[in-house]
There are 2 protein chains.
Amino acid sequence: MKSPSQPRDRGIPEATVARLPLYLRALHGMAERGIATVSSEDLAGAAGVNSAKLRKDLSHLGSYGTRGVGYEVEYLVYQISRELGLTQDWAVAIVGVGNLGRALANYGGFVSRGFRVAALVDADPEVVGDTIAGLNVEHIDDLEAVIARRGVSIVVLAIPAAAAQKVCDRVIAVGVTSILNFAPVVLSVPDGVDVRKVDLSIELQILAFHEQRKAGGPLMAVDSQ
Amino acid sequence: MKSPSQPRDRGIPEATVARLPLYLRALHGMAERGIATVSSEDLAGAAGVNSAKLRKDLSHLGSYGTRGVGYEVEYLVYQISRELGLTQDWAVAIVGVGNLGRALANYGGFVSRGFRVAALVDADPEVVGDTIAGLNVEHIDDLEAVIARRGVSIVVLAIPAAAAQKVCDRVIAVGVTSILNFAPVVLSVPDGVDVRKVDLSIELQILAFHEQRKAGGPLMAVDSQ
DNA sequence: ATCCCTTTGTGAACCGATGCACAAAGTCGC
DNA sequence: GCGACTTTGTGCATCGGTTCACAAAGGGAT
Ligand SMILES: NC(=O)c1ccc[n+]([C@@H]2O[C@H](COP(=O)([O-])OP(=O)(O)OC[C@H]3O[C@@H](n4cnc5c(N)ncnc54)[C@H](O)[C@@H]3O)[C@@H](O)[C@H]2O)c1
Ligand SMILES: NC(=O)c1ccc[n+]([C@@H]2O[C@H](COP(=O)([O-])OP(=O)(O)OC[C@H]3O[C@@H](n4cnc5c(N)ncnc54)[C@H](O)[C@@H]3O)[C@@H](O)[C@H]2O)c1
């Protein structure tokens, strides 16, 4: 008996990484509905991609399918989760508890995937000390201490653009290397630090561009998702 | 005297479209600080991209720079705005006024770019009739009427995943072709409809993947922004 | 055991996007 | 006016990602 298939290549394409959570979500839905096995065709359909792409993506993790049959749902959930690092739980701090930060703090969707909101931080004395989503809001002056104490490894920035770079520098200084930024500003960070940004306004502008094009000339419209 | 430079090619690469808002934001900042002219090098720096890419992107819109000098800030702002369709204003409806929908409704960042929140819609009788951010929350039963009455052309979905496809179908049925989806679900739409999705949970999972890699093997870390 | 049917895993062609490097174009100082 | 200098616009090589299409692998029926 030989080892069936090792994790293989350590270099997974970025585009693949970005789709793994999509597959995972689809698989969770299937597991809940009691589906034990799924073909690349069906899983690709559920995730909204084409089946060749799905198979190539999964092939980067290893050879986890069975020809003629498909993929075992539970097993694949485990493999993808492990690859994404979701078998451990991650402590997340949200800096900025305004409109957006509050919504994020109250959102249940993280916890379900191994992300735990471990700290809320704000600068406004009006807000500091409040309890939001069961957490005490701490003062920005204590940022470094809070990150250390709670073992935070991912920081979410939900503060005004003008304050983002400064806070960003501070969390990097205490060793944080993963940042999710909602402020509409380009953060400058050293190598080794990952910044992902979510910019609502950019999304709307892209939609407007296509919308205008559709209205202007009856040419073609592209679907992107 | 000949025409100096017409809008050129009508086929702008998707990757370029996605960066135009970034340039626009940087340019607005410069205009505010009274900068009249900017080189591709400086603008690229401010937008966090490399200068060759910036020049190629702008070349798709037309030849709006002056060799030896750079780009005139005001003029470029106008050209990019026009290309993105921001010279008209867009009526946006937000469906789902929960944690997230509320934050969006209260956010000032849209209006500044020609997007006007023209309607709020929800299914919860507890919420319908409330005034949020100066707008009356309307009932989901009136969705079609509200969209028509307010001239909505972009719909933002901030409702639970289970409800998203149904509402999506309804807005498409009354002619909406641009949707921004926050619900963690793959929407199925006909050709000609653009869906953009924002999925926080996916962003965190991507960060977790890289974070795990950094911790596990001291190999390399990629910066992405 | 053997054959047939299904579905995976992947080689190879293709496609769009990126980055280099430089000629062309224009400015500015004298 | 002219020459030196700056910066754009783009041709070209390259790269990462997508898609096609099929040989290889495995399951199930007989
Ligand atoms: N609300 C949205 O829907 C939305 C959408 C897209 C982008 N954004 C961006 O997200 C960020 C937050 O938006 P918001 O609507 O929640 O703003 P907000 O003004 O409601 O909240 C900002 C919070 O950050 C706090 N803060 C300010 N400076 C701080 C600092 N130095 N350290 C710690 N906390 C600080 C403030 O006290 C406030 O509580 C902004 O950059 C905004 O542009 C928001
Ligand atoms: N809150 C966040 O930070 C966050 C982050 C990422 C994704 N999301 C996603 O965004 C969506 C909204 O999140 P939320 O936290 O605001 O949820 P929420 O439960 O606070 O709000 C949802 C709102 O939608 C309304 N609604 C439900 N069904 C509806 C229907 N058929 N028509 C119209 N309205 C309906 C509800 O009455 C409620 O007001 C969810 O899909 C969630 O997964 C939220």
Side-chain angles (χ1 to χ4, degrees), chain A residues 2 4-20 22-23 27 35-73 75-76 79-80 206 220 222-225, chain B residues 2 4-20 22-23 27 35-73 75-76 79-80 206 220 222-225:
Chain A
K2 64 161 174 46
S5 55
Q6 60 273 59
R8 182 158 319 207
D9 195 6
R10 289 279 87 189
I12 295 179
E14 196 53 35
T16 296
V17 173
R19 281 187 297 265
L20 290 178
L22 229 52
Y23 305 151
L27 286 165
I35 298 171
T37 272
V38 66
S39 70
S40 63
E41 196 66 48
D42 289 353
L43 180 52
V49 303
N50 106 6
S51 70
K53 182 152 39 180
L54 176 119
R55 287 198 300 278
K56 184 148 288 188
D57 282 343
L58 294 185
S59 78
H60 287 114
L61 312 192
S63 193
Y64 296 142
T66 305
R67 291 168 194 237
V69 176
Y71 301 87
E72 205 215 317
V73 173
Y75 185 57
L76 198 50
Q79 290 298 343
I80 295 179
I206 295 171
M220 51 172 303
V222 189
D223 175 21
S224 60
Q225 164 154 194
Chain B
K2 64 162 175 43
S5 55
Q6 59 272 64
R8 183 158 318 211
D9 195 5
R10 288 280 84 189
I12 296 178
E14 195 54 34
T16 295
V17 173
R19 281 187 297 265
L20 290 179
L22 229 51
Y23 304 151
L27 286 165
I35 298 171
T37 271
V38 66
S39 70
S40 63
E41 196 65 47
D42 289 353
L43 180 52
V49 304
N50 107 6
S51 70
K53 183 153 38 183
L54 176 122
R55 287 197 301 276
K56 185 152 290 186
D57 282 343
L58 294 184
S59 78
H60 287 115
L61 312 192
S63 193
Y64 296 141
T66 305
R67 292 170 193 233
V69 177
Y71 301 88
E72 206 214 316
V73 173
Y75 185 56
L76 199 49
Q79 291 298 343
I80 295 179
I206 295 172
M220 51 173 303
V222 190
D223 174 22
S224 60
Q225 160 154 195

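By convention in this document, chain letters (A, B, ...) are assigned in the order of the sequence lines, proteins followed by strands, and residues within each chain are numbered from 1.
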Task: Contacts of I80(A) that satisfy side chain to side chain contact (heavy atoms under 4.5 Å, CB included) - sequence neighbours left out - done: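 Scan of I80(A) (side chain to side chain contact (heavy atoms under 4.5 Å, CB included), adjacent residues dropped) gives L20(A), Y23(A), L24(A), L27(A), L58(A), L61(A), L76(A), L84(A).
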Open item on the list: Under the rule for side chain to side chain contact (heavy atoms under 4.5 Å, CB included), what residues qualify as partners of L22(B), not counting sequence neighbours?
Closed with: K197(A), I202(A), R25(B)
What is the distance, rounded to the nearest whole Å, between atom [atom1] of [X] and atom [atom2] of [N]?
X      : N       : atom1 : atom2 : value
E72(B) : dT7(D)  : CD    : C1'   : 16 Å
Q79(A) : dG9(C)  : CD    : P     : 12 Å
L54(A) : dC20(D) : CG    : P     : 15 Å
E14(B) : dC15(C) : CD    : P     : 18 Å
H60(B) : dT10(D) : NE2   : C1'   : 10 Å
L43(B) : dT7(D)  : CG    : P     : 14 Å

Open item on the list: So, under a plain 3.5 Å distance rule, would you say the side chain of K56(A) forms a donor-acceptor pair with the base of dT19(D)?
Closed with: yes
TODO: Scan nucleotides 3-8 of chain C nucleotide by nucleotide, 5' to 3', and note B when protein non-hydrogen atoms come under 4.0 Å of the base, S if they reach only the sugar-phosphate, - if neither.
DONE: ---BBB
Task: Under 4.0 angstrom between K53(B) side-chain N/O and dG19(C) OP1 or OP2 - done: yes
Task: Nearest heavy-atom neighbours spanning E72(A) and T37(A) - done: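 Heavy atoms of E72(A) and T37(A) come nearest at CA-OG1, 4.2 Å.
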Task: Nearest listed nucleotide, side chain of A52(B), among dT19(D), dG19(C), dT18(D) - done: dG19(C)
Task: Nearest-neighbour nucleotide for the R19(B) side chain, dA17(C), dT18(C), dG19(C) considered - done: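 For the R19(B) side chain, the nearest candidate turns out to be dT18(C).
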Task: Non-neighbouring partners of S39(A) that pass side-chain hydrogen bond (donor to acceptor under 3.5 Å, both in side chains), sequence neighbours left out - done: none
Open item on the list: Less than 4.5 Å apart, side chain to side chain, heavy atoms only: is that true for K56(A) and T16(A)?
Closed with: no
Expected list for residues 43-54 of chain A: side-chain donor-acceptor pairs under 3.5 angstrom, two or more places apart:
unit_1	atom_1	unit_2	atom_2	d
N50(A)	OD1	A52(A)	N	2.9
N50(A)	OD1	K53(A)	N	3.0
S51(A)	OG	E41(A)	OE1	3.4
S51(A)	OG	R55(A)	NH1	3.4

